[in-house]
Amino acid sequence: MKIAVVGAGYAGLTLSCLAEKGNEINFIDIDEDKVEKINRGISPIYEPGLDEIISKHAGNRIKAYSNYTIAKECDVIFICVHTPSKLDGSIDLSYVFEASKEVAKAIKNSMKYNVIAIKSTVIPGTTLTLKPIIEEYSKKKVGENLGLCMNPEFLREGSAVKDFLNPDKIVIGYLDDGSKDAMLELFNWIDPKVPRILTDPNTAEMIKYAQNAALACRISFINEIANICEKFNVDVKEVAKAIGLDPRIGPHFLNAGIGFGGSCLGKDLRALIRAAEQKGYEANLLKKVLELNEIQPFRIVELLKEHFGSIENRTFALLGLAFKGDTDDVRDSPAIKIALELKNQGVKVKVYDPKAMDNAKKILKDSVQYCKSIDECLKGSEACIIATDWKDFKEFDFSKYKIPIFDGRRILDPEKTKIQGIEYKGIGWKWNTKIQN
Ligand code: UGA
């Protein structure tokens, strides 16, 4: 199939995987730099596996453009532009509306049954609101010579390619049979056992929000349990492992730590809370989930203070800046919040991240000292804070430094650090492992 993808962000770029299945992918993005990179076979973002796919198909099955002309020839046009938060937390849909209008203008009077699929995360009702606008600008009619559907994405940064190729479900919220059939055909390589949820656009939009809200709730839940565990000298990891054995709970997404970050969970939660409010409903549970997540990164600062008393003028190593491992993304990263808070409290902060240094520099500027390696970061530091679950940190031999470790992601084995003579503290960890010299 001939596909257009408007917006070369995470969700959009991951559609490159469709080139592997024999489709032609045409990216449309206003960012000339991204367009040029894709055409040179380089992924504009760091995402495991994506560079290989883009470099393999660039100039052939993968092309990029800074205008919408190509859309007219395409069977399916995905809208994957971002939907940022406004200052009040509500969703800014202006990019989705703008992109949809531009697509509609580009396919105006085309003879093809072009299907427009909204992939951006949008509040329930958005696709239906877009319908008359797209019809007006394209001079086409949904169900006659135009398709319109909503196809949310559930991939995680850092494993986006893997998630795309192995989904747990495909959700298609459609208005016309033409768009439903086109989407089913496009995803026909996916194991037939994977459920295809065929529904209306409003429900598809809500599924996306409900899923991210459920994930956020789970993280704030286990973080709260972790904070309580500390008070009772109990290890939250043991607790999480045990409760995860109950099939009603399950083992995933129960890693306690410094809270969730990234461009999605917090933003989507805020948007859902505001959207509910606009309909006259106060989403109290979701508000609390966000609130808990706002303060969770500072738990590490409290632990440092409990340990050192005053932390002013001390030098600490902060390992990890990305909001999670395997990504260079620092958006809403708890690690960045910790760096800024430590700085505010007069700490000299040395930082290192395997991939996210450049992105972090844009926010942290010259408030911290940037290091080229874990060793450089730890050398001369009085404590080490682990803020991102990078494999490099998990595998690092900390024994030569003998400085206390504050594990915000619970990736180290406390027993091992004890044997190595390193004092270890972590979120939701019992304190009785303190080393006595
Ligand atoms: C999230 C969802 O997991 C995806 O399903 C969804 O498609 C995506 O948002 C989106 O809406 O685009 P992502 O933001 O890439 O994906 O990252 P997650 O793996 O969900 O992690 C989010 C944050 O939660 C990270 O900071 C991570 O460290 C934290 N986390 C995750 C925990 O603190 N504990 C856990 O048990 C799991």
Side-chain angles (χ1 to χ4, degrees), residues 7 9-14 45-48 80-85 91 119-123 151-164 166-171 205 207-227 236-237 239-241 243-244 249-272 289-290 292-294 296-297 299-300 320-338 353 356 386-390 393 407-411 426-428:
Y10 269 95
L13 284 166
T14 310
I45 54 164
Y46 170 73
E47 185 63 41
C80 303
V81 293
H82 69 155
T83 49
S85 291
I91 186 173
K119 214 175 232 318
S120 303
T121 300
V122 292
I123 49 156
N151 171 230
E153 194 54 73
F154 303 100
L155 52 84
R156 293 161 298 172
E157 287 184 24
S159 55
V161 171
K162 211 173 90 213
D163 289 351
F164 186 85
N166 305 286
D168 54 38
K169 59 184 166 293
I170 302 287
V171 176
E205 289 159 344
I207 288 171
K208 170 69 190 179
Y209 276 107
Q211 172 148 334
N212 272 359
L215 294 172
C217 283
R218 227 172 135 87
I219 300 170
S220 277
F221 159 74
I222 201 66
N223 286 343
E224 177 133 272
I225 294 292
N227 298 343
V236 71
K237 270 197 135 174
V239 175
K241 198 172 166 192
I243 64 172
I249 297 174
H252 304 294
F253 254 68
L254 285 177
N255 297 322
I258 50 176
F260 58 81
S263 65
C264 300
L265 298 190
K267 172 183 77 92
D268 291 352
L269 216 51
R270 276 187 281 274
L272 186 57
V289 165
L290 258 185
L292 280 168
N293 195 59
E294 290 297 322
Q296 191 64 13
R299 198 54 214 121
I300 279 288
L321 295 164
F323 80 98
K324 65 173 187 179
D326 269 334
T327 176
D328 63 354
D329 197 342
V330 296
R331 285 176 290 176
D332 225 357
S333 172
I336 300 283
K337 290 178 191 163
I338 292 170
D353 187 288
I386 299 176
T388 309
D389 52 348
W390 279 103
F393 304 157
D407 190 349
R409 292 295 182 189
R410 295 298 309 274
I411 56 172
I427 301 281

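Just so you know, these numbers come straight off a predicted model, no measurement behind them. Read the numbers this way: they start at 1 and go in the same order the structure lists the ligands and their atoms.
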Tell me which protein heavy atom sits closest to [atom], plus the residue, atom name and distance to 0.1 Å.
| atom | answer |
| --- | --- |
| atom 28 (O) of ligand 1 | R409 NH1, 3.3 Å |
| atom 24 (O) of ligand 1 | F260 CB, 3.2 Å |
| atom 7 (O) of ligand 1 | L155 O, 2.7 Å |
| atom 5 (O) of ligand 1 | F154 O, 2.8 Å |
| atom 30 (N) of ligand 1 | I219 CD1, 3.5 Å |
| atom 35 (C) of ligand 1 | N255 O, 3.7 Å |

Just which atoms of ligand 1 are under 4.0 Å from any heavy atom in [X]?
| X | value |
| --- | --- |
| R156 | 3 (O), 4 (C), 15 (O), 16 (O), 19 (O) |
| N212 | 2 (C), 6 (C), 9 (O), 10 (C), 11 (O) |
| L215 | 2 (C), 3 (O) |
| C264 | 8 (C), 9 (O), 10 (C), 11 (O), 12 (O) |
| E153 | 7 (O) |
| L254 | 36 (O) |

[X] side-chain N/O to [Y] backbone N/O, donor-acceptor pair under 3.5 Å:
| X | Y | result |
| --- | --- | --- |
| E47 | S159 | yes |
| K324 | G262 | no |
| R299 | G259 | no |

Closest to [atom] among [options] (heavy-atom distance):
| atom | options | value |
| --- | --- | --- |
| atom 22 (C) of ligand 1 | I427, L265, N223 | L265 |
| atom 14 (O) of ligand 1 | F323, F253, Y10 | F323 |
| atom 17 (O) of ligand 1 | R218, E157, K324 | K324 |

Positive for side chain to side chain contact (heavy atoms under 4.5 Å, CB included) with F154, one of N212, D163, V171:
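Only match with F154 under side chain to side chain contact (heavy atoms under 4.5 Å, CB included): V171.
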4.5 Å side-chain heavy-atom contact, [X] and [Y]:
| X | Y | answer |
| --- | --- | --- |
| Q296 | F260 | no |
| E153 | Y10 | no |
| P152 | Y209 | no |
| P48 | Y46 | yes |
| I427 | I258 | yes |

Looking at every heavy atom in both C80 and G7, which two are closest together, and how far apart are they?
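Looking at all heavy atoms of both residues, the shortest contact is CB-O, 3.7 Å.
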So is G261 in contact with ligand 1, going by heavy-atom distances below 4.0 Å?
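So G261 counts as touching ligand 1.
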Would you say K208 touches ligand 1, if touching means a heavy atom closer than 4.0 Å?
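It does, in that a heavy atom of K208 comes within the 4.0 Å cut-off of ligand 1.
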Are D332 and K337 within salt-bridge range, i.e. N to O under 4.0 Å?
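Judged by the 4.0 Å cut-off on N to carboxylate O distance, D332 and K337 do form a salt bridge.
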